[in-house]
> 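This is the structure, below, for whatever I ask next.
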Amino acid sequence: MNRAEKLYCLMAIGCIGGLAFFLATSPAARELKYLLPLSLFGVAVNVGLLFVVFKDIFSRSFSSPRHKYFWVLIIFLCMPAVIVYLPMYGFKKR
């Protein structure tokens, strides 16, 4: 990953965390007029994050091809696995 991708990943995780905190603490944000734009913004940020992470996974060489597809499957099924993948592999040189 280059610096821009790393910065985007950190900002996306922070943004999604902030959005979740805001929705959990503010009852007014649970109304449809606020919830719909906030949800669409969250989806857009997550799509960008997944694109950057999957691009990194497929361009990185792992010890075995199974390891690569293991990470793809885990991140696809459980999005918070990105938080584990990024420090382990994503922020390191290829």
> Step through the shown structure and confirm whether more than 12 heavy atoms of other residues, nucleotides or ligands are within 6.0 Å of CZ on F54.
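For F54, atom CZ is crowded (more than 12 foreign heavy atoms under 6.0 Å).
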> Could you check if a side-chain atom of E5 sits within less than 4.5 angstrom of a side-chain atom of V53, using non-hydrogen atoms only?
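No - every pair of side-chain heavy atoms lies 4.5 Å or more apart.
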> Where do K92 and R60 come nearest, in terms of heavy atoms and distance?
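Closest approach of K92 to R60, heavy atoms only: O-NH2, 3.1 Å.
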> Please report the shortest heavy-atom distance between Y8 and L49, naming the atom on each side.
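Heavy-atom minimum between the residues: CE2-N, 3.5 Å.
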> Is there a path from V43 to L50 through hydrophobic residues (I, L, V, M, F, W, Y) whose side chains come within less than 4.5 Å of each other?
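Unlinked, V43 and L50 end up in two clusters.
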> With a 4.5 Å heavy-atom cut-off, do I74 and Y85 have their side chains touching?
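No, side chains not in contact.
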> Do F21 and I16 come within less than 4.5 Å of each other through their side chains, counting heavy atoms only?
no
> If you look at every heavy atom in P37 and L32, which pair is closest and at what distance?
CD-O, 4.1 Å
> Would you say I13 ends up clustered with V47 if hydrophobic residues are merged whenever their side chains have heavy atoms under 4.5 Å apart, either directly or through other cluster members?
no
> Side-chain contact, heavy-atom cut-off 4.5 Å: L86 with M1?
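A side-chain contact exists here, since the closest heavy-atom pair is under 4.5 Å.
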> Assess whether side-chain contact (heavy atoms from CB on, under 4.5 Å) is satisfied between Y34 and S26, documenting all intermediate values.
CA-CA 11 Å; Y34 299 114; S26 175; over 6 Å; no
> Parallel, tilted or perpendicular: which one describes the rings of H67 and W71, with boundaries at 30° and 60°?
perpendicular
> Can Y89 and D56 be counted as having a side-chain donor-acceptor contact under 3.5 angstrom?
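D56 and Y89 do not have a side-chain donor-acceptor pair below 3.5 Å.
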> For F58 and V72, run side-chain contact (heavy atoms from CB on, under 4.5 Å): C-alpha distance rounded to whole Å, both residues' side-chain angles, the deciding distance at 0.1 Å, then the answer.
CA-CA 9 Å; F58 285 115; V72 168; 3.7 Å; yes
> Look up atom NZ in K68 and atom OG in S59, then write down how far apart they are to the nearest 0.5 Å.
7.5 Å
> With rounding to the nearest 0.5 Å, note down the distance linking CE in M11 to NZ in K6.
15.5 Å
> With a 4.5 Å cut-off on side-chain heavy-atom distances among I, L, V, M, F, W and Y, is there a chain of contacts connecting F70 to V82?
yes
> For R30 and L35, indicate whether the former's side chain and the latter's backbone hold a donor-acceptor pair under 3.5 Å.
no
> Heavy-atom distance under 4.5 Å between the side chains of F91 and L10, does that happen here?
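Of all side-chain heavy-atom pairs linking L10 with F91, at least one is under 4.5 Å.
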> Is there a side-chain contact between L19 and V45, using heavy atoms and a 4.5 Å cut-off?
no
> If hydrophobic clusters are built from ILVMFWY residues whose side chains come within less than 4.5 Å, do M79 and L77 share one?
yes
> Report whether L73 and Y69 are members of the same hydrophobic cluster (ILVMFWY, side-chain heavy atoms less than 4.5 Å apart, transitive linking).
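Same cluster: L73 reaches Y69 through Ile, Leu, Val, Met, Phe, Trp or Tyr contacts under 4.5 Å.
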